[in-house]
Peer 1: 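Have a look at the structure that comes next, please.
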Amino acid sequence: MKATIQFNGKSAVIELTSDQLAQAKKQTSHFTNIKTLQDALDYVGETIEHFNHRTQFDDDAQKAGKELEVIVLAVRQGNTLGQKQGDEWYYPLFYSKRSASGFSFCDYYCAISLSGVGSRLCVESAEKAEYLGNQFADIYDRYLNANNLDIENQKPHLAEPKIFNSYKDIKTIEDACAALGIEPITFLDGIKNLTPDTNAYEQLKVVVRALNGGEHMDYKDEEEYKYFPYFNSVGSASGFSFRDYFFGRSHSFVGSRLAYKSREIAEYAGKQFIGLYDQHING
């Protein structure tokens with residue numbers, strides 16, 4: 001493609017390469033031009049065929065998460081998140097309750113050198129977080145509140161689940177599997193080919209359910225508090241480390257599969273299984 005530029009007060013016609021055209025498009029477009037997954041894929045230079053190939057073994061919630069990673073990257077328009085203490089990361093919050101509105105955008109959340117959803121799902125401004133929450137609510141719904149909450153790769157089951165005296169006795173993924181009657185070798189072998197972050201996510205689903213005594217949290221229940229751990233992820237000498245817990249009732253940004261029924265359990269999980277959280281959030 002030819003373009004006319006001004007140089008030393010004179011017009012000059014130059015031939016732009018495809019890479020130069022793509023770069024010009026990125027620099028001149030507004031983030032609100034990203035309205036679909038296809039728009040985001042075009043922006044980052046990935047074909048739908050390649051995306052479908054790399055997500056072919058994912059369930060719908062996992063695929064939705066990877067759709068959001070591409071969309072968030074495109075909405076950031078090449079901007080990087082600050083890595084110093086005090087730098088702000090933003091992501092949308094959602095209502096997920098029994099109401100006429102159902103699942104819908106609620107507000108945005110601002111994290112300062114903290115991590116709840118990881119940098120892959122964060123943007124650098126509240127305006128962009130709000131846009132994501134409104135424009136792509138259906139994909140967030142698939143990601144956070146998948147209809148099928150069953151843990152995959154559970155079989156073959158043990159004769160019966162192992163009974164632990166306390167959730168604090170569940171210290172490893174093998175313990176968590178035993179608490180749910182899952183054969184750990186089979187489970188871990190079934191997820192070994194997943195990407196590191198998705199592999200950790202599958203393990204955390206088992207951990208969360210085991211620590212919750214086999215229960216699933218219901219994000220549609222407004223009266224039920226849900227708790228989840230928070231982490232330091234940038235700008236600290238300790239690097240990635242447990243920071244605190246957060247709680248919510250009818251809003252969601254981690255989904256019901258990673259929520260705990262008490263703050264004590266959330267704090268224990270954030271410290272005991274910090275390696276899995278690090279791999280899931282930053283892998």
Side-chain angles (χ1 to χ4, degrees), residues 22 26 29-83 87-94 103 105 108-111 114-146 152 191 193-205 228 230-231 233-234 240 252-258 276-283:
K26 290 182 179 181
S29 66
H30 194 264
F31 68 84
T32 55
N33 291 333
I34 307 297
K35 299 184 183 300
T36 65
L37 172 63
Q38 186 63 64
D39 291 338
L41 289 169
D42 291 343
Y43 189 92
V44 302
E46 182 176 13
T47 66
I48 189 65
E49 290 77 19
H50 182 268
F51 178 80
N52 287 334
H53 176 73
R54 70 180 176 88
T55 59
Q56 62 182 312
F57 299 114
D58 295 334
D59 62 31
D60 188 59
Q62 293 166 347
K63 186 171 184 178
K66 291 178 182 177
E67 290 174 18
L68 289 173
E69 289 178 9
V70 175
I71 290 166
V72 169
L73 181 61
V75 168
R76 281 214 306 263
Q77 300 169 285
N79 296 322
T80 58
L81 298 174
Q83 298 293 315
D87 288 329
E88 297 178 342
W89 300 359
Y90 298 82
Y91 42 91
L93 288 174
F94 298 90
F103 185 88
F105 173 71
Y108 67 86
Y109 192 80
C110 173
L114 299 175
S115 182
V117 299
S119 59
R120 291 186 301 273
L121 295 184
C122 289
V123 287
E124 73 278 17
S125 72
E127 184 182 12
K128 289 185 176 182
E130 184 174 355
Y131 176 75
L132 284 167
N134 284 308
Q135 182 66 28
F136 299 100
D138 57 334
I139 301 180
Y140 279 100
D141 190 8
R142 289 167 48 215
Y143 171 60
L144 295 171
N145 300 313
E152 301 297 330
I191 62 174
N193 293 323
L194 298 176
T195 58
D197 57 312
T198 305
N199 180 289
Y201 173 62
E202 291 300 314
Q203 292 190 59
L204 283 174
K205 285 196 293 184
F228 28 91
Y230 239 78
F231 301 90
S233 60
V234 295
F240 189 85
S252 168
F253 62 78
V254 298
S256 54
R257 284 157 293 177
L258 297 186
L276 284 179
Y277 275 102
D278 190 8
Q279 184 176 322
H280 170 54
I281 291 174
N282 299 316

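Computed from a predicted structure; not experimentally measured. For the numbers below, each heavy atom of this structure counts, side chains included, while hydrogens, waters and symmetry mates do not.
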Peer 1: Can you pull the side-chain hydrogen bond (donor to acceptor under 3.5 Å, both in side chains) pairs that have at least one residue in residues 125-139, sequence neighbours excluded?
Peer 2: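 For residues 125-139: Gln77-Lys128, Glu124-Lys128.
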Peer 1: For Glu67, give me all partners under side chain to side chain contact (heavy atoms under 4.5 Å, CB included), at least two apart in sequence or on another chain.
Peer 2: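 Glu67 satisfies side chain to side chain contact (heavy atoms under 4.5 Å, CB included) with Leu37, Phe51, Lys63, Ile139, Arg142 only.
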Peer 1: Considering non-hydrogen atoms only, spot the tightest contact between Val72 and Cys122 and give its length.
Peer 2: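 That would be CG1-O, 3.3 Å.
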Peer 1: Are the charged groups of Lys66 and Glu69 less than 4.0 angstrom apart, N to O?
Peer 2: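 No, no charged N to carboxylate O under 4.0 Å.
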Peer 1: For Leu93 and Phe105, which heavy atoms make the closest approach, and how far apart are they?
Peer 2: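 In terms of heavy atoms, the two residues are closest at O-CD1, 3.5 Å.
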Peer 1: Please determine whether side chain to side chain contact (heavy atoms under 4.5 Å, CB included) holds for the pair Leu132 and Tyr91, giving the CA-CA distance in whole Å, both sets of side-chain angles, and the decisive distance to 0.1 Å.
Peer 2: CA-CA 8 Å; Leu132 284 167; Tyr91 42 91; over 6 Å; no
Peer 1: Okay, side chain of Gln279, backbone of Pro196: is any donor-acceptor separation there less than 3.5 Å?
Peer 2: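 Yes; at least one donor-acceptor contact below 3.5 Å.
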Peer 1: Run the side chain to side chain donor-acceptor pair (under 3.5 Å) test against Thr47 and tell me which residues pass, sequence neighbours left out.
Peer 2: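 Residues passing side chain to side chain donor-acceptor pair (under 3.5 Å) with Thr47: none at all.
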Peer 1: Give a yes or no on whether the backbone of Asp39 and the side-chain of Asp42 come within a donor-acceptor separation of less than 3.5 Å.
Peer 2: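 A pair under 3.5 Å: no.
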Peer 1: State, to 0.1 Å, how close Ile34 and Phe136 come at their nearest heavy-atom pair, and which atoms those are.
Peer 2: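 Taking Ile34 first and Phe136 second, the nearest heavy atoms are O-CZ, 3.4 Å.
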Peer 1: Would the distance check show the side chain of Asp141 and the main-chain N or O of Ala137 forming a donor-acceptor pair, the cut-off being under 3.5 Å?
Peer 2: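 It does not hold such a pair.
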Peer 1: Side chains of Tyr140 and Pro92: closer than 4.5 Å at any heavy-atom pair?
Peer 2: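 Yes, at least one pair of side-chain atoms sits under 4.5 Å.
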Peer 1: Checking Leu204 now: which residues fulfil side chain to side chain contact (heavy atoms under 4.5 Å, CB included) with it, not counting sequence neighbours?
Peer 2: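 With neighbours one apart ignored, the set is Leu258, Leu276, Tyr277, His280.
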